[in-house]
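Worksheet for the structure shown next.
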Amino acid sequence: MRRIYFILTTFLISFSGTLFANEGMWFLMHIERLNQRDMEKMGLQLTAEEIYSINNQSLKDAIVQFDGGCTASIISNSGLVITNHHCGYNAIAELSTEESNYLKNGFWANSINDELKPKSLSVRFFVRMDDVSDRILSKVNDTMSEKEREAFINKEIAKIEQENNEGGKYTVSVRSFYQGNEYYYFVYQDYKDVRLVGTPPESIGKYGGDTDNWEWPRHTGDFSLFRVYADADGNPAPYSKENVPLKAKYHLPVNINGVKENDFAMILGYPGRTNRWMPAEGIEQNVNYAYPAWVEASKLSMDVMKKYMNKDESVNLMYASKYAGIANYWKNRQGMIDALTKHKTAKTKRKLEKKFNKWANKKEHKAIYGNVVTNINNYYNLTNEKAKHDNYLISLLRSSKFSVLPYSLGRILTNYTNSNEAKRKEILPQLTAFIESSYKEYHLPLEKEILATQLKLYNSKSNYKLPREIITVQKIGFNTYVTNSFKNSIFKSKESLETFIKNPDVDQLKNDPLYKLSSDLLAKYREQPEQLVQPINDYQTSFRLLVDGLRKSGLSSILYPDANSTLRLTYGKVRALPKDARNDANINNYTTLKGMIKKYKPNDAEFDLPSDMLNIYEKKDYGRYADDKGYLPVNFLTDNDITGGNSGSPVLNGKGELIGLAFDGNIEAIAGDVIFDHNLQRTINVDIRYVLWLIDKYSNAKHIVDELTIVKKGNP
Ligand code: ARG
């Protein structure tokens with residue numbers, strides 16, 4: 001059956017290849033079969049083997065997942081790594097102090113010895129992948145419940161991981177695709193000694209702030225540089241002074257000849273999550289229940305955080321990264337609500353599901369697919385209120401440190417308290433280390449206010465059954481409740497925890513108000529109401545069958561699996577949007593330094609610029625980084641198919657040379673995570689010429705540029 005299906009997809013691609021040229025997040029191991037011809041027509045000059053090879057050096061050896069949630073690439077033979085500024089943001093903020101404020105002023109290491117090691121930062125190299133669908137699916141059958149199915153699958157997954165990790169050298173991850181219809185394993189190698197090499201000031205790296213975030217035209221220098229270190233043999237090693245820069249198998253050449261409309265552009269990276277197969281009612285649930293709750297709760301946290309961050313620079317540094325993360329998805333989710341509503345995406349999907357239902361109820365399909373749509377719709381109807389509740393709760397847990405910490409710490413403390421003297425001694429180092437790191441950086445007044453406001457919101461907005469603890473609190477009011485709880489809790493400070501550890505008492509812990517609240521909230525988070533057990537089971541089965549049926553019936557044109565933080569390739573072109581008065585460029589596919597300066601607003605939190613930027617702009621010293629028309633390019637547009645997680649991904653020309661870094665998407669197409677819009681969807685990239693100019697001319701860090709392999713027409 002798989003063989004028939006294979007022929008069918010190959011047949012379909014010959015049509016859809018031209019129709020949907022730039023949609024798709026493709027697996028590297030399928031490029032030869034599915035995309036190579038199309039890519040060549042568009043301008044690719046590499047073979048599939050040069051992009052992904054198991055045995056020989058290939059492009060993929062220069063692509064890493066950065067810090068778990070972003071992408072980066074290796075650009076020198078001494079382990080130099082380039083990613084977005086917003087991907088390095090957390091590390092940069094952590095390394096900053098009020099005196100050495102790298103977030104504010106930027107940072108450039110003069111030599112390798114000056115590079116800065118953040119607490120924890122890792123990069124992940126991709127070694128190889130393979131299809132294990134047949135192997136895994138042979139372990140399950142249609143009579144199993146979803147729980148049983150999962151157990152059998154997990155058992156097989158554990159074996160596959162064991163077989164491929166080469167005694168712990170590699171991390172192996174088996175992932176499900178097409179909603180559990182296919183499985184692939186991925187072999188990775190992780191490096192954990194990664195150090196900051198350089199970053200522009202935030203006013204450049206995040207120019208335009210949250211106002212410009214998700215928007216085009218854009219003028220952001222969204223890049224930062226790091227270096228991967230290894231032991232003397234090139235193997236991963238924990239941080240050590242003895243470690244040396246990694247000589248990776250491959251590094252990307254950097255092409256500074258510039259880009260123009262219709263140039264081929266491809267992006268390799270780790271897109272996090274798309275929902276292109278999501279059913280209509282799932283979209284409705286997000287638009288009407290889940291996302292509005294998310295947006296409302298996020299805004300509340302942002303306002304509280306900002307209030308304290310604006311008052312005190314040290315608080316600002318503590319919370320800058322967390323704030324940026326919340327603000328990013330706050331704007332994204334509101335954009336999603338607007339775009340999905342405007343484009344009537346659920347309606348489009350409903351039409352497709354109607355067609356599917358017809359196909360599913362044909363005599364030969366009915367036994368398997370007959371109830372699929374009914375089960376799916378039933379599940380969403382039953383869980384709309386829960387989705388709203390869950391989103392308020394998740395926002396609370398995400399934004400409030402003290403909604404989660406007492407529970408996680410409390411569990412170790414319980415174990416400690418219940419142990420004998422010897423065992424306690426054993427637990428103590430881990431316990432103190434956890435306390436040490438948890439109580440290092442936070443601002444108590446901010447934390448108290450976030451907890452109180454989030455609890456209050458959660459309580460007032462959720463029609464769903466609330467956790468026990470909250471119900472008792474309603475009477476006294478949330479501010480008083482939170483103030484009292486902190487006063488009477490051992491979790492209020494490191495010191496009170498240390499006192500407790502000297503004299504641990506199980507009853508005191510059990511009755512600790514913050515521990516009780518935190519345990520209650522997390523129990524609520526994990527709770528699965530009895531009446532939903534069967535509908536959830538049927539939904540999972542049906543969603544899998546929906547995707548399976550949509551593919552087999554040919555009703556869906558989608559030929560790639562949803563993003564799930566695995567390495568993908570997307571290819572397309574440099575492509576303009578319709579002319580826009582806000583962009584001074586003569587074609588709306590790039591922006592210039594002049595345009596950036598035009599947006600400058602002195603002392604504004606988002607559009608201020610360093611004074612030396614203004615001075616250097618006056619001189620127009622763009623050197624070899626200028627376009628042949630004499631301007632300095634800043635950002636440009638391609639029509640690649642990316643999403644969050646792709647941030648920092650290299651944008652490559654037809655020869656696989658670096659021409660830019662992907663860093664954002666445009667708000668008009670923000671519904672792209674659910675439905676790709678061929679006319680509107682764009683990727684916003686920082687031009688590599690702007691990056692090099694910032695390093696070389698603006699920051700005087702020419703020694704870094706000297707490490708690169710630069711491709712330039714005529715004189716390099
Ligand atoms: N929208 C970008 C992404 O999701 C993040 C940009 C960060 N910048 C900001 N102003 N918050 O990857």
Side-chain angles (χ1 to χ4, degrees), residues 1-6 8-9 25-31 33-34 52 54-55 60 65 68 124-190 270-278 367-369 372 375-376 379 526 528 533-552 558-568 645:
M1 204 167 77
R2 296 183 59 78
R3 181 158 288 273
I4 296 171
Y5 174 65
F6 169 74
L8 188 70
T9 30
M25 300 176 171
W26 307 98
F27 275 153
L28 298 194
M29 67 177 278
H30 291 163
I31 282 173
R33 169 160 68 83
L34 293 179
Y52 170 61
I54 299 179
N55 300 314
K60 72 111 170 71
Q65 191 178 32
R124 163 167 280 192
F125 285 84
F126 169 61
V127 180
R128 64 190 156 84
M129 68 182 291
D130 213 347
D131 187 349
V132 282
S133 308
D134 289 343
R135 172 168 173 183
I136 287 189
L137 295 174
S138 71
K139 303 288 165 199
V140 296
N141 62 53
D142 294 345
T143 64
M144 291 175 180
S145 72
E146 288 296 317
K147 260 220 162 83
E148 285 165 339
R149 187 183 167 94
E150 193 186 320
F152 278 100
I153 289 176
N154 284 342
K155 217 167 123 195
E156 203 56 26
I157 285 181
K159 277 192 211 157
I160 295 170
E161 292 180 345
Q162 193 61 35
E163 285 163 25
N164 290 285
N165 74 11
E166 297 192 18
K169 179 175 177 195
Y170 296 129
T171 304
V172 180
S173 156
V174 183
R175 305 297 304 276
S176 113
F177 296 86
Y178 295 108
Q179 219 56 43
N181 286 295
E182 294 185 10
Y183 286 84
Y184 290 77
Y185 76 80
F186 298 79
V187 179
Y188 301 112
Q189 192 169 29
D190 293 335
Y270 283 85
R273 175 142 209 86
T274 52
N275 293 308
R276 302 249 165 95
W277 297 89
M278 179 175 268
I368 300 180
Y369 303 98
V372 161
N375 284 342
I376 288 176
Y379 163 81
R526 285 189 298 260
Q528 213 196 74
V533 172
Q534 194 58 41
I536 289 175
N537 180 79
D538 298 346
Y539 163 76
Q540 286 169 347
T541 315
S542 299
F543 196 176
R544 183 169 61 247
L545 288 170
L546 174 73
V547 174
D548 176 53
L550 282 171
R551 296 175 80 201
K552 286 192 178 133
I558 302 179
L559 298 168
Y560 55 88
D562 262 320
N564 63 352
S565 297
T566 51
L567 183 58
R568 307 293 177 93

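Just so it is clear, the model here is predicted, and its values are computed rather than measured. We use all heavy atoms of the structure for the numbers below, so side chains are in, but hydrogens, waters and symmetry mates are not.
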Can you check whether [Y]'s main-chain N or O pairs, donor with acceptor, with [X]'s side chain at less than 3.5 Å?
{"X": "Thr274", "Y": "Ala563", "answer": "yes"}
{"X": "Ser133", "Y": "Tyr183", "answer": "yes"}
{"X": "Asp562", "Y": "Arg276", "answer": "yes"}
{"X": "Arg175", "Y": "Thr566", "answer": "no"}

query = Relative to each other, are the rings of Phe177 and Tyr184 parallel, tilted or perpendicular (30° and 60° limits)?
reply = perpendicular
So how far is it from [X] [atom1] to [Y] [atom2], rounded to the nearest 0.5 Å?
{"X": "Met25", "Y": "Tyr270", "atom1": "CE", "atom2": "OH", "answer": "14.5 Å"}
{"X": "Ile376", "Y": "Met278", "atom1": "CD1", "atom2": "CE", "answer": "11.0 Å"}
{"X": "Ser173", "Y": "Arg124", "atom1": "OG", "atom2": "CZ", "answer": "7.0 Å"}
{"X": "Leu567", "Y": "Tyr188", "atom1": "CG", "atom2": "OH", "answer": "7.5 Å"}
{"X": "Ile31", "Y": "Trp26", "atom1": "CD1", "atom2": "CH2", "answer": "10.0 Å"}
{"X": "Leu137", "Y": "Asn181", "atom1": "CG", "atom2": "CG", "answer": "7.5 Å"}

remark   = Here the pair of heavy atoms bringing Met144 nearest to Glu148 is CA-OE1, 3.3 Å
message = Does Asn141 have more than 12 heavy atoms from other residues, nucleotides or ligands lying within 6.0 Å of its CG?
response = yes
inquiry  = Would you say CD of Gln528 has more than 12 non-hydrogen atoms from neighbouring residues, nucleotides or ligands within 6.0 angstrom?
reply    = yes
query = By side chain to side chain contact (heavy atoms under 4.5 Å, CB included), which residues pair with Ile368, not counting sequence neighbours?
reply = Leu545
query = Residues two or more places apart in sequence or in another chain: which of them pass ring pair (Phe, Tyr, Trp, His ring centres under 6.0 Å) with Phe543?
reply = Tyr539
Residue among Arg544, Lys552, Arg551 satisfying salt bridge (Lys or Arg N to Asp or Glu O under 4.0 Å) with Asp548 = Lys552
Can you find a pair of side-chain heavy atoms, one from [X] and one from [Y], that are under 4.5 Å apart?
{"X": "Tyr170", "Y": "Asn164", "result": "no"}
{"X": "Val132", "Y": "Val174", "result": "yes"}
{"X": "Glu146", "Y": "Thr541", "result": "yes"}

task = Report the C-alpha separation of Phe125 and Lys60 in whole Å, then their side-chain angles, then the decisive distance to 0.1 Å, and conclude whether the side-chain contact (heavy atoms from CB on, under 4.5 Å) test is met.
result = CA-CA 8 Å; Phe125 285 84; Lys60 72 111 170 71; over 6 Å; no
task = Show your working on side-chain contact (heavy atoms from CB on, under 4.5 Å) between Trp277 and Ile558 and close with a plain yes or no.
result = CA-CA 9 Å; Trp277 297 89; Ile558 302 179; 3.7 Å; yes
ask   = Within 45° of the ring axis of Tyr560 and under 6.0 Å from its six-membered ring centre, is that where the NZ or CZ of Arg568 lies?
value = no
request  = Flag the pair Tyr52 / Phe27 as yes when their ring centroid distance falls below 6.0 Å, and as no otherwise.
outcome  = no
Show me, pair by pair, the donor-acceptor contacts under 3.5 angstrom made by side chains of residues 149-161, not counting sequence neighbours?
residue	atom	partner	partner atom	Å
Asn154	ND2	Glu150	O	3.4
Glu156	OE2	Arg135	NE	2.8
Glu156	OE2	Arg135	NH2	3.1

